[in-house]
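Down below is the structure, laid out as structure tokens.
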Amino acid sequence: MSEKKFVPSQSNSSKPSRRRFMKGAAATGALAAAPAFFPAKVLGLEGSVAPNDKIILGGIGIGNRGRTVLRWMLRQPDVYFVASCDPQVERVNIIKEMVDQTNSNSDCKTYHNVHEFLEARTDIDAVLSTTGDRWHALAAILAMRAGKDVYSEKPSCMTIAEGQAVVDTSKRYGRIYQTGTQRLSGDQFVFCNESVRLGRLGNVHTVRAHIAPWDAAEMRHDWLPGQPEPPKSETDWDHWLGPCPWRPYHADYCKGAWRGHYDFHTSCIGEWGAHTFPQCQDAIEMIDQAAMEYGYVNNVSGDGMVTKFSNGISMVLERDMDKKYWHGSCGVRYEGEEGWVATADGYEKVEASSPALLADFKKIVNEYAERTGRAVGDVSEHARNFLDCVRSRKQTVANAPAMHHTMSTVHAANICMWLKRDLKYDPFKQEFNDDEANRLRTRAQREPWIM
């Protein structure tokens, strides 16, 4: 957390803080002569958090998904949101209205250029970045270089090289980073992962990860027909594109139609694999390295691809259209010699091959929380884990290396599908046994949007 003075409104920035006032008054003996009275909120009493103890938060590219995460953060008593940046004026104004209503003032500032935003707001401690995929890595890197901690929505990088750059930046600048794989903080998912780690399933041989049941691994390389660009005062199209190749403006891109395009997306594998691969890799204690082998499957999506890790465990990519392994989105299933467990969004409770495997649910989850010091429960606790780590400077549950190694599995699976052949990947050297595959570990970036 920053030690800078907390200022709810920029218009009051010239006024002395309570901290400076108290120090000066004590030096002159004024407090003894005339005691000062402050509201309980200012003093941090009655369960409130004193202004100087709040985490000052800003936002980059907050849209529909981002508003959900922002609500999680706004209800935390130690957070104060002050400014948001987006090249689309309509979107940034929605955030301002939402924040001002929460803060009961009109102080939230809006920006449309990320460089100007980061340069101007030296008071901000942490940034919530929920841009489209193309911007995730670059926005995080720019914010960390500016001294901000970052919560970034997923998929948090477009390439293996981008993921490594996020890791390097976080380490170099000493910043806290969390990727938005919120199920790592959900109690049902934690229980399943702990079931593997505690040996409740015996020797685990296979884990299954849900990939999105729409779109394809092979994405479009064309683009939508050009339309007249809106005024820059409404949408800064160059800024919206960021590091991607120049493409003509089309309004549908700004409404989410960028999905399925190679320039902007990480395919059906990345769409949900960015969530489910971290779950599986965390459960089998491979969150610190990507899979080593990728078996090509002759279909459009990667459904049924078998990937293998250095510990001998296989992870199978599943669309699960017939709901054989789970019902709901972003499902995972872990299979061992003594049974299986599975969960997904919308579950009332974990499913298992035997009721005995569901015993001690609360005990196992609570012991995990106590051992790790992490917030666990509803998936919104993922935001609390980030905020706790901003204060403690401990690693988040979905830290930069965890993001990079799990997204490397996503990218390698995509590359396997694109090249239509089996691949081997060295997770330590971070390279393939294939020259063409190695060239796909990175993409050209458009100036001046270069990491």
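No experiment lies behind these values; they were computed from the predicted model shown. Quick note: residue numbers are just sequence positions, from 1.
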**OP:** Step by step, work out the salt bridge (Lys or Arg N to Asp or Glu O under 4.0 Å) result for Lys324 and Asp322.
**Re:** CA-CA 5 Å; Lys324 178 179 179 181; Asp322 57 0; over 6 Å; no

Subject >> Candidates Phe277, Trp326, Trp214 - the one meeting ring-ring contact (aromatic ring centres under 6.0 Å, His included) with Trp272 >> reply: Trp214

Original post:
What's the verdict on side-chain contact (heavy atoms from CB on, under 4.5 Å) for Val300 and Glu218, showing C-alpha distance, side-chain angles and the deciding distance?
Top reply: CA-CA 7 Å; Val300 299; Glu218 181 67 39; over 6 Å; no

Original post:
Would you say Thr206's side chain and Ser314's backbone share a donor-acceptor pair under 3.5 angstrom?
Top reply: no

Original post:
Is the Lys NZ or Arg CZ of Arg333 less than 6.0 Å from the centre of Tyr325's six-membered ring, within 45° of the axis?
Top reply: no

**OP:** Determine whether Glu436 and Leu419 make a side-chain contact, defined as any pair of heavy atoms from C-beta on separated by less than 4.5 Å.
**Re:** yes

Subject >> Stepwise salt bridge (Lys or Arg N to Asp or Glu O under 4.0 Å) test for Arg208 and Asp320 >> reply: CA-CA 10 Å; Arg208 301 182 187 276; Asp320 200 31; over 6 Å; no

Subject >> Taking every non-hydrogen atom, the tightest pair across Tyr294 and Ser408 >> reply: OH-O, 4.3 Å

Original post:
Is the backbone N or O of Pro87 less than 3.5 Å from a side-chain atom of His112, with the two atoms forming a donor-acceptor pair by type?
Top reply: no

**OP:** Verify, without hydrogens or angle tests, whether Arg421 (side chain) and Cys416 (backbone) share a donor-acceptor contact under 3.5 angstrom.
**Re:** no

**OP:** Quick one: list whatever passes side chain to side chain donor-acceptor pair (under 3.5 Å) with His411, sequence neighbours left out.
**Re:** none

Original post:
Would you say Asn366's side chain and Lys362's backbone share a donor-acceptor pair under 3.5 angstrom?
Top reply: yes

**OP:** Would you mind telling me which of Gln76, Gln182, Arg75 makes a side chain to side chain donor-acceptor pair (under 3.5 Å) with Ser380?
**Re:** Arg75

**OP:** Using the salt bridge (Lys or Arg N to Asp or Glu O under 4.0 Å) rule, take Lys54 and Asp78 through it: C-alpha gap first, then chi angles, then the decisive distance, then the call.
**Re:** CA-CA 5 Å; Lys54 286 182 181 281; Asp78 57 345; over 6 Å; no

**OP:** Could you grab the distance from atom CD1 of Ile284 to atom CZ of Arg197, nearest 0.5 Å is fine?
**Re:** 11.0 Å

**OP:** Start with the C-alpha gap between His265 and Asp215, add the side-chain angles, then the distance that decides, and say whether side-chain contact (heavy atoms from CB on, under 4.5 Å) holds.
**Re:** CA-CA 11 Å; His265 200 207; Asp215 286 338; 4.1 Å; yes

**OP:** Any chance you could measure Arg65, atom CZ, to Thr131, atom OG1, to the nearest 0.5 Å?
**Re:** 13.5 Å

Original post:
For the atom pair CE (Met305) and OH (Tyr296), what is the distance rounded to the nearest 0.5 Å?
Top reply: 9.0 Å

Subject >> Any donor-acceptor pair under 3.5 Å from Asp125 side chain to Ile55 backbone >> reply: no

Original post:
Do other residues, nucleotides or ligands put more than 12 heavy atoms under 6.0 Å from Gln227 CD?
Top reply: yes

Original post:
Are Asn385 and Ser185 close enough that a side-chain donor and a side-chain acceptor fall under 3.5 Å?
Top reply: no

Tell me which donor-acceptor pairs under 3.5 Å the side chains of residues 399-406 have, and how far apart each pair is, sequence neighbours excluded?
| residue | atom | partner | partner atom | Å |
| --- | --- | --- | --- | --- |
| Asn399 | OD1 | Ala402 | N | 3.0 |
| Asn399 | ND2 | Thr396 | O | 3.0 |
| His404 | ND1 | Gln164 | N | 3.3 |
| His404 | NE2 | Gln164 | OE1 | 3.2 |
| His404 | NE2 | Gln430 | OE1 | 2.7 |
| His405 | NE2 | Asp288 | O | 3.3 |
| Thr406 | OG1 | Ala402 | O | 2.8 |
| Thr406 | OG1 | Met403 | O | 3.1 |

**OP:** Please check if the distance between the ring centroids of His261 and Trp223 is under 6.0 Å.
**Re:** no

Original post:
Which value, rounded to the nearest 0.5 Å, describes the distance between Asp426 atom CG and Phe432 atom CZ?
Top reply: 11.0 Å

Subject >> Donor-acceptor pair between Glu351 and His327 side chains, under 3.5 angstrom >> reply: yes

**OP:** Verify the neighbour count for atom NZ of Lys96: are there more than 12 heavy atoms of other residues, nucleotides or ligands below 6.0 Å?
**Re:** yes

**OP:** Give a yes or no on whether the backbone of Asn438 and the side-chain of Arg441 come within a donor-acceptor separation of less than 3.5 Å.
**Re:** yes

Subject >> Trp418 atom CH2: more than 12 heavy-atom contacts under 6.0 Å >> reply: yes

Original post:
Roughly how far apart are Ile313 CD1 and Met286 CE, rounded to 0.5 Å?
Top reply: 7.5 Å

Subject >> Expected output: side-chain Asn103 to main-chain Asn105 donor-acceptor under 3.5 Å >> reply: no

**OP:** Quick one: closest heavy-atom pair of Asp187 and Val365, and the distance?
**Re:** O-CG2, 3.7 Å

**OP:** Please step through salt bridge (Lys or Arg N to Asp or Glu O under 4.0 Å) for the pair Arg446 and Asp263, ending with a clear verdict.
**Re:** CA-CA 12 Å; Arg446 187 172 63 93; Asp263 293 332; over 6 Å; no

**OP:** Answer yes or no: are there more than 12 heavy-atom neighbours, outside Arg371 itself, under 6.0 Å from its atom CZ?
**Re:** yes

Original post:
Which residues pass the side chain to side chain donor-acceptor pair (under 3.5 Å) test with Arg183, sequence neighbours left out?
Top reply: His275, Asp345

Original post:
Is a donor on one side and an acceptor on the other found under 3.5 Å between the side chain of Arg91 and the backbone of Gly61?
Top reply: yes

Original post:
Given Arg67 and Ile94, is the side-chain contact (heavy atoms from CB on, under 4.5 Å) satisfied, shown in steps?
Top reply: CA-CA 9 Å; Arg67 289 198 289 274; Ile94 290 173; 3.9 Å; yes

Original post:
Relative to each other, are the rings of Trp237 and Tyr253 parallel, tilted or perpendicular (30° and 60° limits)?
Top reply: parallel

**OP:** Would you mind telling me which of Phe264, Trp449, Tyr249 makes a ring-ring contact (aromatic ring centres under 6.0 Å, His included) with Trp240?
**Re:** Phe264

Original post:
Counting only N and O atoms by type, is there a donor-acceptor contact under 3.5 Å from the side chain of His136 to the main-chain atoms of Glu153?
Top reply: yes

Original post:
Hey, is the main chain of Thr181 close enough, under 3.5 Å, to the side chain of Thr179 for a donor-acceptor pair?
Top reply: no

Original post:
Looking at Thr266 and Cys157, what are the two nearest heavy atoms and their distance?
Top reply: CG2-O, 3.9 Å

Original post:
What are the two closest non-hydrogen atoms of Arg393 and Asp149, and how far apart are they?
Top reply: NH1-OD2, 2.7 Å

Original post:
If we only count heavy atoms from C-beta on, is the Leu184 to Asp282 side-chain gap below 4.5 Å?
Top reply: yes

Original post:
Parallel, tilted or perpendicular: which describes the rings of His239 and Trp135, with under 30° parallel and over 60° perpendicular?
Top reply: parallel

Original post:
If every non-hydrogen atom of His210 is compared with every non-hydrogen atom of Cys330, which pair is closest and at what distance?
Top reply: ND1-N, 3.2 Å

Original post:
Take atom NZ in Lys420; do more than 12 heavy atoms of anything else shown fall under 6.0 Å from it?
Top reply: yes

Subject >> Over all atoms of both residues, closest heavy-atom pair of Ile211 and Leu317 >> reply: CG2-CG, 4.0 Å

Original post:
For the atom pair CE (Met73) and NE2 (His382), what is the distance rounded to the nearest 0.5 Å?
Top reply: 9.0 Å

Subject >> Aromatic Tyr262 / basic Arg443 pairing, under 6.0 angstrom, 45° off normal >> reply: yes

Original post:
Would you say the side chain of His250 lies within less than 4.5 Å of the side chain of Pro248, judging by non-hydrogen atoms?
Top reply: no

